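Please read the structure below before turning to the comments.
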There are 2 protein chains.
Amino acid sequence: MVQDSPATRARILAAAVEEFSAHGLAGARIDRIAEAAVANKSSIYVYFGNKEKLFAAAMDRVIGDLSDAVPLTEHDLPNYAGRMFDYVVDHPEALRMSMWRHLERPSAGPVVTELYERKLEAMASEAHPSGLPPMDLLVLVVGLSGAWLTSSRDLLAAEGGDPYSAERLATHRAAMVEAARRVVDGV
Amino acid sequence: MVQDSPATRARILAAAVEEFSAHGLAGARIDRIAEAAVANKSSIYVYFGNKEKLFAAAMDRVIGDLSDAVPLTEHDLPNYAGRMFDYVVDHPEALRMSMWRHLERPSAGPVVTELYERKLEAMASEAHPSGLPPMDLLVLVVGLSGAWLTSSRDLLAAEGGDPYSAERLATHRAAMVEAARRVVDGV
DNA sequence: GGAAGGTAACTAACTAGTTGGTAATATCAA
DNA sequence: TTGATATTACCAACTAGTTAGTTACCTTCC
């Protein structure tokens with residue numbers, strides 16, 4: 001086993017993302033993370049301090065990657081919703097982590113309030129046909145983008161077939177982007 | 001302490017709903033539930049079997065109450081969204097429990113696939129101006145109804161003020177119902 | 001030889017679930 | 001009604017296993 005500190009740290013963080021995404025903060029097990037990372041448990045404490053801080057680091061990583069990959073295009077919200085949908089389909093851990101954050105540690109993860117403030121200002125300054133307050137508009141569009149992937153399996157099962165097949169997801173994506181367009185453009 | 005088996009059971013279930021809603025299945029503590037219910041820990045095992053089954057019972061209760069209180073009016077989805085919003089504002093545990101279910105035990109809670117099937121059929125048989133598939137429409141409207149209450153505090157904080165004040169919630173409710181109307185009615 | 005990276009074994013605290021026993025209530029014969 | 005007995009509700013203390021976090025020691029490489 002070659003010693004390589006940055007690589008070990010990276011393996012731990014990757015394993016932590018997977019474990020926390022699957023089980024949340026309370027359900028995650030440090031031993032499982034160490035095993036999956038092929039690292040010793042104590043390395044986790046050397047690199048990240050404790051479970052809580054490791055959770056925060058995993059959250060920073062996942063949410064940071066998400067906001068880098070899906071920039072908020074405030075003047076084209078329907079396509080923002082579409083890109084957000086594509087990203088969380090490809091990276092389910094992003095959606096799960098943000099749900100864990102909401103339920104377990106609302107304060108974890110990067111603070112991007114300032115960014116949002118600028119985006120909302122930009123939205124407010126232009127004349128929107130929507131007629132809805134910028135914040136409400138943004139929240140609703142984000143809500144649309146995650147609707148399918150956060151729906152209960154019970155509801156999705158009512159249609160028959162696999163709700164997560166590529167074809168079904170493509171159909172929903174189109175419907176969702178169209179819905180966002182209607183919300184944004186008004187009637 | 002007067003002995004009253006149904007009352008003890010009810011106290012345990014109520015305490016379980018609160019504990020699971022706050023901490024989820026993995027984070028909940030049986031001892032805390034017993035203490036909050038003013039009952040002995042072993043009563044929990046007498047009445048509910050084990051932690052998992054108690055979680056399922058709490059889920060049944062919360063989701064059952066929700067679907068009783070907010071009947072799915074498939075021919076008036078915007079107001080369905082509005083009533084759903086009102087309910088989860090008044091009963092935050094309903095939203096939190098359904099999130100915990102999604103993350104921790106997707107199979108917990110009542111199975112209502114059959115009900116949804118009938119509702120979707122009813123939607124399909126009528127000519128909708130929406131042009132969107134019934135399932136997508138329903139999922140998107142439900143997504144809209146929960147958007148504000150599942151948004152990150154970070155985003156909501158960008159506006160300044162309390163995002164959960166009665167006034168702010170009323171404003172959002174109106175915007176959300178209007179958005180649902182636009183999605184349902186098409187352009 | 002010494003600093004940095006890594007490890008196995010350990011510990012103290014916690015947690016789901018159990019047990020052996022007590023008190024209250026119901027049943028019923030006299 | 002009464003007193004013995006069975007049943008139900010309840011409880012304090014315990015157990016076996018788990019878990020986050022620590023420590024003392026080893027290995028690698030400059």
Side-chain angles (χ1 to χ4, degrees), chain A residues 1-61 97 100-101 103-105 107-109, chain B residues 1-61 97 100-101 103-105 107-109:
Chain A
M1 170 93 160
V2 179
Q3 297 195 354
D4 184 348
S5 173
T8 302
R9 206 195 120 98
R11 285 202 316 278
I12 291 172
L13 188 55
V17 165
E18 211 177 302
E19 176 75 9
F20 285 126
S21 160
H23 305 286
L25 175 57
R29 294 292 168 256
I30 295 288
D31 288 283
R32 280 201 296 253
I33 293 173
E35 195 189 344
V38 197
N40 192 273
K41 206 162 91 161
S42 71
S43 324
I44 293 176
Y45 292 92
V46 169
Y47 291 119
F48 295 96
N50 59 30
K51 192 185 186 184
E52 195 95 14
K53 286 178 186 166
L54 180 58
F55 183 73
M59 192 65 73
D60 282 347
R61 155 63 61 90
M97 285 298 276
W100 289 119
R101 176 176 58 167
L103 290 170
E104 298 194 292
R105 283 293 179 280
S107 59
Chain B
M1 170 91 159
V2 179
Q3 296 196 354
D4 184 347
S5 174
T8 302
R9 206 194 118 98
R11 284 201 316 279
I12 291 172
L13 188 56
V17 165
E18 212 177 302
E19 176 76 8
F20 285 126
S21 160
H23 305 286
L25 176 57
R29 294 293 169 254
I30 294 288
D31 288 282
R32 280 201 296 252
I33 293 173
E35 195 189 344
V38 196
N40 190 273
K41 205 162 94 163
S42 70
S43 324
I44 293 176
Y45 292 91
V46 169
Y47 291 120
F48 295 96
N50 58 32
K51 192 185 187 184
E52 195 95 15
K53 286 177 186 167
L54 180 58
F55 182 73
M59 192 65 73
D60 282 346
R61 155 62 62 90
M97 285 298 277
W100 290 119
R101 177 177 57 168
L103 290 170
E104 298 194 292
R105 284 293 179 281
S107 59

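Just so it is clear, the values below take in all heavy atoms, side chains as well, and ignore hydrogens, waters and symmetry mates. Computed from a prediction, not measured in an experiment: that's the story for all the values here. In what follows, chains are A, B, ... by sequence order, proteins preceding strands, each numbered from 1.
- Around CZ of A:R61, the count of heavy atoms belonging to other residues, nucleotides or ligands within 6.0 Å does not exceed 12.
- A straight line from CD1 of B:I30 to C1' of D:dT18 spans 16 Å, rounded to a whole angstrom.
- For the pair B:K51 NZ and D:dT18 P, the computed distance is 15 Å after rounding to whole Å.
- Residue contacts for B:A28: at a heavy-atom cut-off of 4.0 Å it reaches the sugar-phosphate backbone alone, with no base atom in range.
- A:M97 and A:V17 get closest at one heavy-atom pair: SD-O, 4.4 Å.
- In this structure, A:R32 atom CZ and D:dA20 atom C1' are separated by 14 Å, rounded to whole Å.
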I'd like a table of atom pairs between the protein and nucleotides 8-14 of chain C - only N or O on both sides, under 3.5 Å - with the distance next to each one.
{"unit_1": "C:dA8", "atom_1": "N7", "unit_2": "A:N40", "atom_2": "ND2", "d": "3.3"}

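- Remark: C1' of C:dT7 and CD1 of A:I12 are 13 Å apart, rounded to the nearest angstrom.
- The two atoms that bring A:I30 and A:K41 nearest to each other are CG2-CG, 3.6 Å, heavy atoms only.
- If you measure from atom CG of A:D31 to atom P of D:dT22, you get 14 Å, rounded to the nearest angstrom.
- A salt bridge links B:E52 with B:R105; the closest basic N to acidic carboxylate O contact falls under 4.0 Å.
- Between B:S43 and the phosphate of D:dC10, there is no side-chain N or O to OP1/OP2 separation shorter than 4.0 Å.
- C:dT7 atom C1' lies 13 Å from atom CD1 of A:I44, rounded to whole Å.
- Checking D:dA20, C:dA16, D:dC10 against every side-chain atom of A:Y45, the shortest atom distance belongs to D:dA20.
- Of the residues in residues 20-27 of chain B, not one comes within less than 4.0 Å of DNA chain D through any heavy atom.
- Considering every non-hydrogen atom in both B:W100 and A:W100, the closest pair reads CZ3-CZ3, 3.6 Å.
- Here the straight-line distance linking atom CZ of A:F20 with atom CG of A:L54 works out to 4.5 Å at 0.5 Å rounding.
- The shortest heavy-atom contact between B:T8 and B:A39 is CG2-CB, 4.2 Å.
- What separates CD of B:E19 from P of C:dT15 is a distance of 10 Å, to the nearest Å.
- Here the CG atom belonging to A:N40 is positioned 12.0 Å from the CD atom belonging to A:E35, to the nearest 0.5 angstrom.
- Between A:N50 and B:V46, the residue whose closest nucleotide on DNA chain D is further toward the 5' end is B:V46.
- Rounded to whole angstrom, the span from the CZ atom of A:R11 across to the C1' atom of C:dG5 amounts to 11 Å.
- Listed here is the closest heavy atom pair of A:S43 and A:I12: CB-CD1, 3.9 Å.
- Of the side-chain N and O atoms in B:Y47, one or more sit less than 4.0 angstrom from OP1 or OP2 of D:dC10.
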